[in-house]
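Lettering of chains follows the sequences in order, A, B, ..., and the numbering in each one begins at 1. Because the structure is predicted, anything quoted here is derived from the model rather than measured.
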There are 2 protein chains.
Amino acid sequence: MSVSPPRPKGPPLNALRAFEAAARLGGFAQASEELCVTPGAISQHIKTLEDWTGTPLFQRKAHGVVLTEDGQRLLPHFTQAFDALGNATRALRATMALPTITIAALPSIAQLWLSPRMPALRAAMPEVRFTILAMETPPNLSRELIDISLFMRPTSDDENQHILCEDHIFPVCTSEVAKQIVKPVDLLDHTLIHDESWSDDWDLWLKKYGPDVFNTQTEARYSLYSLALDDARAGAGVLMGHAALVNRDLEKGILVRPLEGFIQTDQPLIMETSPLKNAPKEVSDCAHYLMNDHRIGNE
Amino acid sequence: MSVSPPRPKGPPLNALRAFEAAARLGGFAQASEELCVTPGAISQHIKTLEDWTGTPLFQRKAHGVVLTEDGQRLLPHFTQAFDALGNATRALRATMALPTITIAALPSIAQLWLSPRMPALRAAMPEVRFTILAMETPPNLSRELIDISLFMRPTSDDENQHILCEDHIFPVCTSEVAKQIVKPVDLLDHTLIHDESWSDDWDLWLKKYGPDVFNTQTEARYSLYSLALDDARAGAGVLMGHAALVNRDLEKGILVRPLEGFIQTDQPLIMETSPLKNAPKEVSDCAHYLMNDHRIGNE
DNA sequence: GAACTGAGTTTAGAAAAACTAAGGCTAGAT
DNA sequence: ATCTAGCCTTAGTTTTTCTAAACTCAGTTC
């Protein structure tokens with residue numbers, strides 16, 4: 001009779017969290033991003049878990065992993081548990097002395113859409129400490145300690161998501177450059193400025209408005225939209241502008257629209273708020289503020 | 001404008017678990033026992049958490065800690081979350097190749113009540129691996145990976161708890177010793193064997209049946225009931241017997257009851273089963289087996 | 001068909017977290 | 001007045017976790 005093997009220890013909590021993230025997101029790489037660690041760390045966590053049970057949780061394929069049946073059955077349990085834990089942690093954070101609101105956004109949105117609105121927001125909510133995070137992919141608001149996110153992405157029926165404005169794209173450039181452009185074909189003579197994160201923009205627009213034949217021509221590529229914008233402001237060429245991001249420049253006259261046509265993409269600017277039922281009042285206040293699209297006074 | 005402080009990390013999961021345990025159990029010492037660490041470790045976890053939020057979670061008194069208001073508000077959130085996590089972990093364990101059932105019991109119960117029943121149980125469920133854990137205090141079945149617990153303790157209205165048998169106590173000794181004992185006063189001439197974990201037993205019994213005057217006399221104390229029992233079997237004196245634990249010896253004639261009177265304590269032998277809704281079938285099978293009080297054949 | 005790519009794995013070593021042990025403090029109990 | 005239970009603190013150690021970098025493998029691309 002086996003007596004007192006020192007008490008059965010459960011698997012490490014961090015390994016469980018890694019499993020949940022990897023299973024939910026469908027890959028170690030994605031999970032590693034959400035948890036801010038390297039993929040190797042995730043791999044090791046999963047292995048710990050698989051060694052603990054003796055049953056494989058993932059099936060390793062050359063291009064990613066897929067959940068085994070066991071893994072699929074387990075996932076909802078863990079997702080529910082970590083959702084609950086996320087809410088509890090959020091409640092814990094809410095006890096902090098000075099209320100903090102964390103907003104995550106695409107770098108371009110942070111800089112070109114949010115930044116101009118911040119002064120008014122801060123003025124309206126002086127007791128709140130704001131933190132802005134620039135990131136490429138929308139965070140999971142029920143897990144990370146982020147209250148509001150601003151991203152261009154496909155619509156969903158999530159009740160926590162609100163469309164702030166549709167995404168209209170159209171060519172923009174300085175008025176100098178615009179003088180030389182009266183019809184689409186004229187674009188052939190100019191540098192088309194591309195941004196890596198929206199690499200399809202020009203294709204989309206040209207498909208509808210562009211000249212029938214359109215061979216590759218001079219183009220510039222940037223990894224940050226705001227760099228591309230700077231270049232356009234400097235008269236280096238024609239940029240495909242996103243309404244929400246270039247409106248300020250258009251209003252100020254720094255940039256103009258050389259041609260009329262615009263396209264509405266299927267990825268509007270969406271604001272998502274964290275799903276906590278009893279969210280601190282500050283968060284919903286802030287969300288309303290942004291929805292109502294306040295601007296700084298002197299603009 | 002503050003941009004990209006490397007992503008707000010939540011507090012360590014282990015610290016959250018420590019808080020939950022300490023808050024639920026009402027002390028660091030208790031929590032440290034449940035989590036199998038030293039109280040110092042708990043203390044540090046709590047401090048980590050308190051530093052993270054900036055608000056105190058516990059109020060330190062000289063004789064223990066009490067939850068602050070914030071702590072009280074937070075506790076249910078975390079309890080719920082960790083309950084869910086416990087269930088998920090249990091589900092994970094259920095995927096293990098060969099089903100395992102872990103039974104926790106008071107050392108004396110494990111040895112004197114459970115052990116004789118194990119051969120039949122193993123025979124009835126040959127595909128299951130059983131693990132018996134001896135421990136002093138009932139474990140939290142919704143947290144630890146233990147399926148069934150067997151303890152003498154006060155009744156509760158928990159639906160997962162079942163009374164296996166009432167706890168009757170009465171003096172027992174060898175038939176040799178019994179010859180010299182015909183009425184309670186005769187006990188004065190013999191060693192009264194005590195067990196540390198039930199130190200009140202003799203007092204209780206003597207209060208009802210004992211001689212009016214009863215000065216302290218020879219007595220032996222043991223920290224393990226089975227050691228006390230061994231001593232009684234060897235004719236060293238009179239032990240206060242618990243029905244569930246000495247029945248075998250009575251049946252076999254190794255021990256006898258020199259006097260008639262017995263007392264029913266308010267701490268029956270209770271079996272508790274883990275609360276998982278979809279508990280593996282093996283666990284409920286095992287529980288039913290124990291409830292029906294099977295014995296080994298040749299007894 | 002050779003090189004490339006994306007996703008995961010594996011190691012060793014480094015960094016961080018968690019734990020223990022031992023000494024201190026304080027208020028209620030003896 | 002002393003004892004004791006329960007928690008705190010600190011230093012040092014052990015354990016866990018993470019990273020970096022090289023490796024594997026199977027589709028893709030040229």
So, OP1 or OP2 of C:dT9: does either fall under 4.0 Å of a side-chain N or O from A:S43? yes

Between CG of B:N14 and C1' of D:dT14 the distance, given in whole Å, is 15 Å

To the nearest Å, give me how far apart CG (B:D51) and C1' (C:dA18) are. 16 Å

Ranking A:G64 and B:P12 by the position along DNA chain C of their nearest nucleotide, the one closer to 5' is A:G64

Is it the case that atom CZ in B:R129 sees more than 12 heavy atoms from other parts of the structure closer than 6.0 Å? no

From the options C:dT20, D:dA20, C:dA17, select the nucleotide whose nearest atom is closest to the side chain of B:K9. C:dA17

Side chain of B:A29 - closest among D:dT17, D:dC7, C:dT9: D:dC7

Taking the nucleotide of DNA chain D with the closest heavy atom to each, which residue, B:G27 or A:A41, is nearer the 5' end? B:G27

Please check if the number of heavy atoms outside A:Q80 that lie under 6.0 Å from its CD is greater than 12. no

What is the distance, rounded to the nearest whole Å, between atom CD1 of A:I46 and atom P of C:dT9? 9 Å

Nearest-nucleotide 5' precedence on DNA chain D, A:Q44 against A:A62: A:Q44

B:F28 to B:R60 - nearest heavy-atom pair and separation: CZ-NH2, 4.2 Å

Send over the distance from B:L49 CG to C:dA18 C1', rounded to a whole Å. 15 Å

Calculate the interatomic distance between B:E33 atom CD and C:dT20 atom P; express it in whole Å. 13 Å

Value in whole Å for how far the P atom of C:dA7 lies from CD of A:Q30: 7 Å

Base, sugar-phosphate alone, or nothing: which one does B:K47 contact when heavy atoms must sit under 4.0 Å apart? sugar-phosphate

Donor-acceptor contact present, side-chain A:T53 to main-chain A:L49, <3.5 Å: yes

Whole Å only: how far is the CG atom of A:L35 from the P atom of D:dT17? 13 Å

Starting at atom NE2 of A:H63, determine the distance to atom C1' of D:dT29, rounded to an integer number of angstrom. 12 Å

Within the structure, does a side-chain N or O atom of B:R60 lie under 4.0 Å from either OP1 or OP2 of D:dC8? yes

Using 4.0 Å as the upper bound for N to carboxylate O, is an ion pair formed by B:D147 and B:R93? yes

Within less than 4.0 Å of OP1 or OP2 of D:dT16, is there a side-chain N or O belonging to A:H45? no

